[in-house]
Amino acid sequence: MTVPKFIGRRHVLCVLLIAVSFAGLFIYAKEVQMPAKVMMYYGPWSPEENRFDATRWFSSGMYRPRLMGTPSEQSPVTMLRNKPEDLRHIENDVLLTEALFAIGRQFPKLDTEHLILNTPDLHRQIRYAYSSFAEPDRPVDTYWLFIRFENRIVVVTIDWDVTEKKLLPRSTASNLMENSDEEAAYLQVRKELDGTASAKR
C-alpha cells in the first residue's frame, strides 16, 4: 500500500466518523427538544388512578413540574404555575367570608370576632402554593391564606378555578405546622408585613 492511498483511506474514514458523530448529536438534540408526554392525575383519589395527557399545559410554559421527595421526582398529582394570579381582583370581604366558613367548620370554638371587626388586607397574607387538575384540562390553583389569632396561626387553603375564574367552595382550615412548606411561606408573609409596618413608623 502506497502512502498516498493510505492517507486517502484514512481521510475518508475520518470524514465518515465525523458525519456519524454529527448525526448522533442531531438525533440527541431532537430528542432533548421533544417534550415528553406528561400524564397527570385529576380529581379526588380513586382506585382507578385516573390520568390524562396534560403535556400541553407544560409545553405552553403555563406550568412546570413540581419536584417532590428525596431524591426528587416529578409529581404526577401537583404542579407549579409559572405566573400565578395574585387574586387581588377578589374583594376582601369575599376572602373573609371564605376564611370564616373554613375556620368555623374546622375550629367551631375559635373566637373570630376580632377578625371580623378588624379585618386586615387579606390579599397581603395570601401565598400561592401549588396547582392540580380537578378534571382533565381543568387546572386549579391552590393558595394559602394565613390568619393570626392570639394562640395560633391558621392556614386557610383556598382553590381558584383557572378556567372558570372563580373560587371553589371547598376551602379548608388547619393549624400552621412547624418545618412545613406552609411555615416557609408564612415566614415570607411575616417578613413583608413587618417590613411594611417598620416603614410606616
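Owing to the predicted nature of the structure, the values given are computational and were not obtained by experimental measurement.
- Listed here is the closest heavy atom pair of A173 and A102: CB-O, 3.6 Å.
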| message | Applying side-chain contact (heavy atoms from CB on, under 4.5 Å) to R81 and M62, what does each step give before you reach the verdict? | response | CA-CA 6 Å; R81 188 166 178 176; M62 187 171 182; 3.4 Å; yes
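- Looking at L110 and V154, their side chains come closer than 4.5 Å, going by heavy atoms from C-beta outward.
- Sorted by first then second residue, the salt bridge (charged side-chain N to carboxylate O under 4.0 Å, His left out) pairs that include residues 54-78, not counting sequence neighbours, are R56-D137, R66-D181.
- Hydrophobic clustering of Ile, Leu, Val, Met, Phe, Trp and Tyr side chains at less than 4.5 Å, counting indirect connections, unites L145 with F149.
- Follow the hydrophobic side-chain contacts under 4.5 Å out from V94 and you reach Y128 in the same cluster.
- Counting heavy-atom neighbours within 6.0 Å of F101 CZ, excluding the residue itself, gives a total of 12 or less.
- Within the 4.5 Å cutoff, the side chain of F146 has heavy atoms near those of the R127 side chain.
- For the pair R152 and F107, the cation-pi criterion (under 6.0 Å, within 45° of the ring axis) is fulfilled.
- You'll find the side chain of R138 stays beyond 4.5 Å of the side chain of V162, heavy atoms only.
- Of the possible donor and acceptor atoms, none in the side chain of S132 sits under 3.5 Å from a partner among the backbone N and O of T78.
- Between the side chain of S180 and the main chain of M177, a donor-acceptor pair closer than 3.5 Å is present.
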| request: Could you check D161 against L167 for side-chain contact (heavy atoms from CB on, under 4.5 Å), going step by step and ending with a plain yes or no? | output: CA-CA 6 Å; D161 190 314; L167 290 176; over 6 Å; no
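- Between S174 and Q106 the shortest side-chain heavy-atom distance does not fall below 4.5 Å.
- At least one side-chain heavy atom of P76 sits under 4.5 Å from a side-chain heavy atom of R51.
- Ion pairing between a basic and an acidic side chain is recognised when a charged N comes within 4.0 Å of a carboxylate O; D86 and R124 show no such pairing.
- Ring pair F133/Y63 is tilted by interplanar angle, where 30° to 60° counts as tilted.
- Side-chain contact between L168 and W160 is absent, with no heavy-atom pair separated by less than 4.5 Å.
- Checking T112, V156, T119 one by one against L100, the side chain to side chain contact (heavy atoms under 4.5 Å, CB included) holds for a single residue, T112.
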| task | Show your working on side-chain contact (heavy atoms from CB on, under 4.5 Å) between L115 and L96 and close with a plain yes or no. | result | CA-CA 9 Å; L115 174 63; L96 174 62; 3.8 Å; yes
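- For the atom pair D159 CG and T172 OG1, the distance stands at 7.5 Å (nearest 0.5 Å).
- L117 and I147 are not part of a single hydrophobic cluster, where members link through side-chain heavy atoms under 4.5 Å apart.
- From S171, atom OG reaches atom CD of E98 across 3.5 Å, with rounding to the nearest 0.5 Å.
- How far NE2 of H89 is from CG of L87: 5.5 Å, rounded to the nearest 0.5 Å.
- Taking a 4.5 Å side-chain heavy-atom cut-off between Ile, Leu, Val, Met, Phe, Trp and Tyr, the cluster of V77 extends to Y41.
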| message | Apply side-chain contact (heavy atoms from CB on, under 4.5 Å) to residues L95 and H123 and explain how you reach the verdict. | response | CA-CA 8 Å; L95 294 175; H123 299 95; 3.7 Å; yes
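- Atom CG of L80 is separated from atom OG of S131 by 7.0 Å, given to the nearest 0.5 angstrom.
- Between V140 and R170, the closest side-chain pair of non-hydrogen atoms falls below 4.5 Å.
- Atoms CZ and CE, on F58 and M40 in that order, are 4.5 Å from each other to the nearest 0.5 Å.
- Looking at heavy atoms from C-beta onward, D141 lies in side-chain contact with Y143 at the 4.5 angstrom threshold.
- Within 6.0 Å of CD on E164 lie more than 12 heavy atoms contributed by other residues, nucleotides or ligands.
- The structure places CG of D53 at 5.5 Å from CE of M39, a figure rounded to the nearest 0.5 Å.
- A salt bridge is defined here as a Lys NZ or Arg NE, NH1 or NH2 lying under 4.0 Å from an Asp or Glu carboxylate O, and K165 with E85 meets this definition.
- Put simply, the side chain of S59 gets close to the backbone of T55: a donor and an acceptor are under 3.5 Å apart.
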